[in-house]
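What follows is one structure encoded as structure tokens, with my remarks underneath.
Throughout, protein chains are lettered first and strands after them, A, B, ... in sequence-line order, and every chain is numbered starting at 1.
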There are 2 protein chains.
Amino acid sequence: MRKRRPTSDATEIIHRRFYEGRPERLAELAEAEANDSVARKIHELRTGSGLTQRELAKLVGTTASVISRMEDANYEGHSLAMLRRIARALNRRVELRFVRTGERKKVA
Amino acid sequence: MRKRRPTSDATEIIHRRFYEGRPERLAELAEAEANDSVARKIHELRTGSGLTQRELAKLVGTTASVISRMEDANYEGHSLAMLRRIARALNRRVELRFVRTGERKKVA
DNA sequence: CGCTCCTTTCGCAATTTTGCGAAATCCGGT
DNA sequence: ACCGGATTTCGCAAAATTGCGAAAGGAGCG
């Protein structure tokens, strides 16, 4: 792969400009994406169950501001304990996996 | 499934005696198993990579006693941040999933 | 036994996360 | 524009996790 295909995807352009070939930044990016992913999962889990933050908070045994904080993509302080509390309140369990990086891109 | 098959599996017997039909205890059990699972995964990941606790600790940027603590099945204080540090040191990434409980048993 | 390396346990300080209420912001619906 | 309800942000105290060295426990080996 020598030459790049043109793209109009902003995310892609930004990626090329700031991260490509910069290991340190790539690590930060991975971190950021991971947090974003957790935040989003919690958000989806909650809204998918038709609950407001306050309602979920009550089920979990905390307050709405705490839930809001966990749904914030920039929050990095997730603990397994808290994630499990949320999971349990929604009849889920937390499953954890260590997957090899540099894996071939999945088909889907 | 009306009647039980006899068993000689100690774990199974203990399970029947202390947990079966006791929701509260079952919650504790789930918790304990989850922690055990995380501890074991870390242990397997490390030994699978042929590393001692001290070596992994160095890669992660901490000390052996910390690694030992994380591989202790009774330890409950895992944070996503620490799990990610370990994952990264071993070229993995942490994947998190909230799976419905009471799910049909998987074939494999 | 003595030696070495690995792992576990202990204590405490340092850092980080959680708890939580108040106030600000956002967002429809009327 | 006004009114709730929902979400976000702010600030601290309380609680929990991490950092880390020292000491104790094992296991293997000559």
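As judged by a 4.0 angstrom heavy-atom cut-off over every strand, A:T52 is placed among residues touching the sugar-phosphate backbone only. Using a 4.0 Å heavy-atom distance criterion, B:S79 is classed as a sugar-phosphate-only contact. Residue B:S65 is in base contact, counting any heavy-atom pair closer than 4.0 Å across all strands shown. Among the atoms of the strands shown, only primed sugar atoms or phosphate atoms (P, OP1, OP2) are found under 4.0 Å from some heavy atom of A:E76.
A donor-acceptor pair under 3.5 Å is absent between the side-chain atoms of B:S68 and the main chain of B:A64, judged by distance alone. The backbone N or O of A:L90 lies less than 3.5 Å from a partner atom in the side chain of A:R92, making a donor-acceptor pair.
Across the interface with DNA chain C, nearest-nucleotide mapping of A:R85 and B:V66 shows B:V66 to be the residue nearer the 5′ end. Both B:A81 and B:S68 lie close to DNA chain C; mapped to their nearest nucleotides by heavy-atom distance, the more 5′-ward contact belongs to B:S68.
The nearest whole Å value for the distance from the CG atom in A:N74 to the C1' atom in D:dT8 is 13 Å. Distance CG (B:L56) to P (D:dC20): 14 Å, rounded to an integer number of Å. Distance CD1 (B:I67) to P (D:dC20): 12 Å, rounded to an integer number of Å. We find that CZ of A:R69 is positioned 7 Å from P of C:dT18, with the value rounded to whole Å. The distance from atom CE of B:M82 to atom C1' of C:dT17 is 14 Å, rounded to the nearest whole Å. In this structure, CD of B:E71 is placed 14 Å from P of D:dT18, rounded to the nearest angstrom. Nucleotide D:dG5 holds its P atom 12 Å from the CD atom of A:E55, rounded to whole Å. A:M70 has its CE atom 17 Å from the P atom of C:dT16, to the nearest Å.
When all heavy atoms of A:T52 and A:E55 are compared, the closest pair comes out as N-OE1, 2.8 Å.
Phosphate contact (OP1/OP2 of C:dC6, side-chain N/O of B:R46, threshold under 4.0 Å): absent. A sub-4.0 Å separation between OP1 or OP2 of D:dT18 and a side-chain N or O of B:T62 is absent.
The side chain of B:T63 sits closest to D:dC20 out of C:dC20, D:dC20, C:dT17. The side chain of B:Q53 has C:dT8 as its nearest neighbour among C:dC20, D:dT18, C:dT8. With C:dT18, D:dG19, D:dT7 as the choices, the nucleotide that has an atom nearest any side-chain atom of A:R54 turns out to be D:dT7.
Looking at heavy atoms from C-beta onward, A:L83 lies in side-chain contact with A:I42 at the 4.5 angstrom threshold.
Going from atom NZ of A:K58 over to atom OG1 of A:T63 covers 12.5 Å, rounded to the nearest 0.5 Å.
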